[in-house]
Amino acid sequence: MEWHVEKDRVILRNVTHFNLQQTFECGQCFRWRRLENGNWLGIARGRVVEVEQAGRDIILYNTDQSDFLRIWYGYFDLGRDYGAVQRKLAQNDPVMQEAIAFAPGLRLLKQDFFETLISFIISQNNNIPRIKRIVECLAQNYGRPVVYKEHILHTFPEAEVLGALSEESLRCIRAGYRARYIIRASQQVQELDMEDALERMDSGAVRQVLLALHGVGGKVADCVGLYSGLMPDAFPVDRWVRRVMETLYPGSGTTNEAIAAFARRKFGQLSGIAQQYLFYFARENRIGMDKQGHETDLPTE
DNA sequence: AAACAGGAGCCGG
DNA sequence: CCGGCTCCTGTT
């Protein structure tokens with residue numbers, strides 16, 4: 001991949017292993033939206049970007065060289081050789097071969113820590129359309145508006161803002177019992193001033209810190225760590241991943257912990273990316289479900 | 001139509 | 001280890 005800067009935009013040429021739809025719709029993020037012209041609009045670290053996929057090129061509008069290097073290069077994981085990743089994962093593994101073939105352009109985003117934390121606290125025992133609605137509602141009510149063309153986007157709120165809210169005032173976002181978790185976790189984040197510290201910890205230490213937050217259990221900790229780039233080897237096990245593992249990797253285990261351990265032995269440092277290929281493949285193809293949407297495997301919880 | 005099940009689970013007892 | 005939890009959607 002080469003890239004060059006034009007006025008107000010950055011153009012990536014000869015991009016491989018990068019499909020915008022697969023990347024934005026695989027379940028790792030909740031706020032990217034598709035425009036009528038087919039491009040995607042998103043906001044991270046206070047900056048709005050419009051992204052176009054045009055053949056083998058990817059064009060980032062509303063950015064410059066400085067922001068590209070400071071934000072988007074890392075956000076889109078452009079330094080990683082996904083061809084090499086895929087070859088390694090697919091070697092002697094027909095399941096991964098099929099999962100990768102289903103979404104070969106999926107990339108793991110490095111998202112803002114606090115937004116990822118709150119988003120995945122909201123995600124528990126919830127479904128994706130509703131998660132998106134609640135996250136967007138939080139941003140519109142408590143974030144800062146940023147205008148781009150005819151659009152008004154909102155930054156994700158600061159921990160200080162969410163931590164100061166009452167459960168009553170959060171009632172309008174209809175997050176249910178998760179409202180309490182949002183407030184308490186926000187307060188803990190600002191008290192601990194943890195973000196810089198987390199950057200210097202290894203994966204296991206990050207997980208321990210995350211697990212101490214209200215509303216964060218093992219599954220949410222793994223998601224937050226993985227999608228904010230702090231725990232690249234995490235393997236979050238949810239209902240979908242458990243079903244796909246039980247169905248396609250018989251013997252991987254029955255508890256979530258056993259399945260995660262099996263995966264980390266098998267995929268090593270690439271566990272996080274492997275999980276994302278498997279999750280998206282399983283959900284889109286309803287692996288382990290019958291036509292009525294019921295589990296075909298025996299429940300293990 | 002009203003009831004029910006299930007959703008990228010976690011907390012408190 | 002277990003019941004309960006907010007709210008919403010799809011199904012019966």
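Only heavy atoms go into these numbers, but all of them, side chains included; no hydrogens, no water, no symmetry mates. We name chains A, B, ... by the order of the sequence lines, and we start the count at 1 in each one.
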For this session: Kindly point out which of B:dG7, B:dC11, C:dT9 is positioned nearest to the side chain of A:Arg130?
Result: B:dG7
Problem set entry | Interatomic distance, A:Gln111 CD vs B:dA8 P [rounded to whole Å] | 17 Å
Seminar exercise, completed: Side-chain atoms of A:Asn126 come closest, of B:dC10, B:dG7, B:dA8, to B:dG7
For this session: Return the nearest nucleotide to the side chain of A:Ile128; candidates are C:dC7, C:dC5, B:dA8.
Result: B:dA8
For this session: May I ask you to evaluate whether A:Arg283 reaches the phosphate of B:dA8, defined as a side-chain N or O under 4.0 Å from OP1 or OP2?
Result: no
Exercise. Within the structure, does a side-chain N or O atom of A:Arg239 lie under 4.0 Å from either OP1 or OP2 of B:dG6?
Worked result: no
For this session: Could you work out the separation of B:dG7 and C:dC1 based on their C1' atoms and round it to a whole Å?
Result: 22 Å
Exercise. Expressed in angstrom and rounded to an integer, what is the separation of A:Tyr177 atom OH from B:dC10 atom P?
Worked result: 9 Å
Exercise. To the side chain of A:Phe120, which of B:dA8, C:dT9, C:dT6 is closest?
Worked result: B:dA8
For this session: Identify whether any heavy atom of A:Gly215 sits under 4.0 Å from a base atom; if not, whether one sits that close to sugar-phosphate; answer base, sugar-phosphate or nothing.
Result: sugar-phosphate
Problem set entry | Identified side chain to side chain donor-acceptor pair (under 3.5 Å) partner of A:Tyr227 from the options A:Glu115, A:Gln111, A:Gln276 | A:Gln276
For this session: Tell me what A:Glu167 touches on the nucleic acid: a base, only sugar-phosphate, or nothing, going by heavy atoms under 4.0 Å.
Result: nothing
Seminar exercise, completed: When rounded to whole Å, the CD1 to C1' distance for the pair A:Ile134 and C:dC5 reads 14 Å
Exercise. Could a donor-acceptor pair under 3.5 angstrom be found where the side chain of A:Arg178 meets the base of C:dT6?
Worked result: yes
Problem set entry | Listed nucleotide nearest any side-chain atom of A:Arg184, set C:dC7, B:dA8, B:dG12 | B:dG12
Exercise. Can the ring centres of A:Trp3 and A:Tyr73 be said to be less than 6.0 Å apart?
Worked result: no
Exercise. Can you tell me how far C1' of C:dT9 sits from NZ of A:Lys132, to the nearest Å?
Worked result: 15 Å
For this session: Report the distance from atom CZ of A:Phe24 to atom P of B:dA8, rounded to the nearest whole Å.
Result: 21 Å
Exercise. Is there a donor and acceptor pair closer than 3.5 Å between the side chain of A:Tyr280 and the base of B:dA8?
Worked result: no
Exercise. What orientation do A:His151 and A:Tyr148 show, parallel under 30°, tilted 30 to 60°, or perpendicular over 60°?
Worked result: parallel
Exercise. Considering Watson-Crick and G-U wobble pairs with both distances under 3.5 Å, what does B:dA8 pair with?
Worked result: none
Problem set entry | Candidates B:dG9, C:dC8, B:dA8 - which lies nearest the side chain of A:Asn125 | B:dG9
Problem set entry | Whole-Å gap separating P (B:dA8) and CG (A:Asn256) | 14 Å
For this session: State which of C:dC5, C:dC8, B:dC10 makes the closest approach to the side chain of A:Arg133.
Result: C:dC8
Exercise. If you check the A:Gln275 side chain, which of B:dA8, C:dC5, B:dC10 turns out closest?
Worked result: B:dA8
Exercise. If you measure from the ring centre of A:Trp240 to the centre of the six-membered ring in the base of B:dA8, is it under 5.5 Å, with the planes under 30° apart?
Worked result: no
For this session: Return the orientation label for the A:Phe102 and A:Phe281 ring planes: parallel under 30°, perpendicular over 60°, tilted otherwise.
Result: perpendicular
For this session: Select base, sugar-phosphate, or nothing to describe what A:Val216 touches, counting heavy atoms under 4.0 Å on all strands.
Result: sugar-phosphate
Exercise. Base, sugar-phosphate, or nothing: which does A:Phe30 touch, judged by heavy atoms less than 4.0 Å apart?
Worked result: nothing
Exercise. Parallel, tilted or perpendicular for A:Tyr249 and A:Phe267, by the 30°/60° rule?
Worked result: perpendicular
Exercise. For residues A:Tyr61 and A:Glu52, is any side-chain donor paired with an opposing acceptor at under 3.5 Å?
Worked result: yes
Problem set entry | Of A:Cys26 and A:Leu211, the one whose closest DNA chain B nucleotide lies more 5' | A:Cys26
For this session: Look at all strands and tell whether A:Leu213 reaches a base, only sugar-phosphate, or nothing, counting heavy atoms closer than 4.0 Å.
Result: sugar-phosphate
Problem set entry | Whichever of A:Gln276 and A:Arg180 has its nearest DNA chain B nucleotide further upstream toward 5' | A:Gln276
Exercise. B:dG9 P sits how many Å from A:Ile121 CD1, rounded?
Worked result: 14 Å
Problem set entry | Nucleotide nearest A:Arg243 when distance is taken to its side chain, options B:dA8, B:dG9, B:dG7 | B:dG7
Exercise. Parallel under 30°, tilted from 30 to 60°, perpendicular over 60°: which one fits the rings of A:Tyr75 and A:Trp32?
Worked result: tilted
Problem set entry | Sugar-phosphate, base or nothing in reach of A:Ala179, heavy atoms under 4.0 Å | nothing
Exercise. Between C:dC2 and B:dA8, how far is it from one C1' atom to the other, in whole Å?
Worked result: 22 Å
Exercise. Starting at NZ of A:Lys219 and ending at C1' of B:dG7, how long is that distance when rounded to a whole Å?
Worked result: 11 Å
